[in-house]
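Just so it is clear: chains get the letters A, B, ... in the order the sequence lines come, proteins before strands, and each one is counted from 1. Atom set for the values below is all heavy atoms of this structure, side chains included, hydrogens, waters and symmetry mates excluded.
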Number of protein chains: 2
Amino acid sequence: MDIAQILRSEGFKVTPQRIAIYQALTGHHNHPTAELIYQSLRAEHPSMSLATVYKTMEIFEKIGLVKVLDVGDDCARYDWDTQNHSHIRCTVCNKVEDLMGIDSKAISKIVEEGSEYRVTGQQITFEGICPDCLRKQSH
Amino acid sequence: MDIAQILRSEGFKVTPQRIAIYQALTGHHNHPTAELIYQSLRAEHPSMSLATVYKTMEIFEKIGLVKVLDVGDDCARYDWDTQNHSHIRCTVCNKVEDLMGIDSKAISKIVEEGSEYRVTGQQITFEGICPDCLRKQSH
DNA sequence: TTGTGTGCAAACACTTTGCAATTAG
DNA sequence: CTAATTGCAAAGTGTTTGCACACAA
């Protein structure tokens, strides 16, 4: 099922902007910010506006196409992999990567069983210095 | 070692504002926001300003007296328990509680061993609905 | 045709900053 | 005395909103 079909089936209109934003999102492996997506689309879509990126992301989140990440650098990042998983952000170059080492689903199960909350979401984020930046620092 | 001594030993001046803010912080069990601390001090310290709360928290963070939390509600919260531990925020009443069920230190160890990052920080935050709000909803 | 979507600019919320006046040491 | 700190107001940042115009269905 492609993006146009998903939008239609959820009662939203299919627009060039929405398609472009979706493609930009799935094309990036960097958990892009709204600004980054906006910038990467300006060349092809000169009239694109940042507000449209935000509004579109809100829809995408609502219909489960993206997860909004809060990795502690004061701006939302968008992840098209909506499975629970953890992230790590390099405090030097600011890139965000997936962390596969830990089983987020198991952790959230522990939380749910250990507390009386109904757990609805999780954000597991680490920060550190990535191998590349570590190497540069040692020179 | 009390707050006055700590400040002095770190080369900062001891002011009534800093003492009051520290007391407000340690008095709250709610991971207060800057605004909340500011409001709770206005009565006793009419001239207190929000900017001073922010500036003071920056110092407290620098000298390891508080950890700044990012629990996904668009404002910083301050925690005087600087040991790594997880939090859960109720999306209905917006309160933030400590989560003792999971061993954050162990998780961060796993991350450090499983990746090539030098891990320097972590934010493990869940969101859900607290027992109180669950009860109210069912009526 | 009609109501949703877009793009601009203004509004927003939280936080930071510049600076004159104040105060701790 | 003097350098650090305060408090105000203004600026800054990322995000949201109102609204006229454009466009998908």
Could you tell me how far apart [X] ([atom1]) and [N] ([atom2]) are, to the nearest whole angstrom?
X	N	atom1	atom2	answer
L7(A)	dG5(C)	CG	P	9 Å
Y54(B)	dG18(C)	OH	C1'	18 Å
M48(B)	dT6(D)	CE	P	8 Å
Y38(A)	dT6(C)	OH	P	15 Å
K62(B)	dT16(C)	NZ	P	11 Å
R8(A)	dG3(C)	CZ	C1'	17 Å
E35(A)	dT15(D)	CD	C1'	12 Å
D70(A)	dC14(C)	CG	P	15 Å

Open item on the list: From C-beta outward on K55(A), which listed nucleotide comes closest to its side chain: dT15(D), dG7(C), dG25(C)?
Closed with: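 Nearest nucleotide to the side chain: dG7(C).
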Any side-chain donor near an acceptor of the partner, [X] and [Y], under 3.5 Å:
X	Y	value
H29(B)	D98(B)	no
Y78(B)	E61(B)	no
E127(A)	Y117(B)	no

TODO: Could you say whether E58(B) or D73(B) is positioned toward the 5' end of DNA chain C, judged by the nucleotide with the nearest heavy atom to each?
DONE: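 Here D73(B) is the residue nearer the 5' end.
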TODO: Could you say whether T56(A) or A34(B) is positioned toward the 5' end of DNA chain C, judged by the nucleotide with the nearest heavy atom to each?
DONE: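 The 5'-side residue here is T56(A).
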Open item on the list: OP1 or OP2 of dG7(D) versus the side-chain N and O atoms of S47(B): is any pair under 4.0 Å?
Closed with: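 So the side chain of S47(B) is within the cut-off, an N or O lying under 4.0 Å from OP1 or OP2 of dG7(D).
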- [ ] Would you tell me if any nitrogen or oxygen in the side chain of T52(A) comes within less than 4.0 Å of OP1 or OP2 on dG7(C)?
- [x]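 Yes.
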TODO: Mind running salt bridge (Lys or Arg N to Asp or Glu O under 4.0 Å) on K95(B) and D132(B) for me, showing each step along the way?
DONE: CA-CA 11 Å; K95(B) 86 178 147 211; D132(B) 289 350; 3.6 Å; yes
Open item on the list: Give the residues of residues 9-19 of chain B touching DNA chain D, defined as any heavy atom closer than 4.0 Å, sorted by residue number.
Closed with: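 Only F12(B), K13(B), T15(B), Q17(B), R18(B) qualify.
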Open item on the list: Applying side-chain hydrogen bond (donor to acceptor under 3.5 Å, both in side chains), can you list everything that pairs with D74(B), at least two apart in sequence or on another chain?
Closed with: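 For D74(B), no residue satisfies side-chain hydrogen bond (donor to acceptor under 3.5 Å, both in side chains) once neighbours in sequence are set aside.
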Open item on the list: Between I21(B) and L41(B), is there a side-chain heavy-atom distance shorter than 4.5 Å?
Closed with: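 In short, these two side chains touch, coming nearer than 4.5 Å.
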TODO: Quick one: which residue pairs count as a salt bridge (charged side-chain N to carboxylate O under 4.0 Å, His left out) with a foot in residues 4-20 of chain A, not counting sequence neighbours?
DONE: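 Counting only pairs at least two positions apart or across chains, no salt bridge (charged side-chain N to carboxylate O under 4.0 Å, His left out) contact touches residues 4-20 of chain A.
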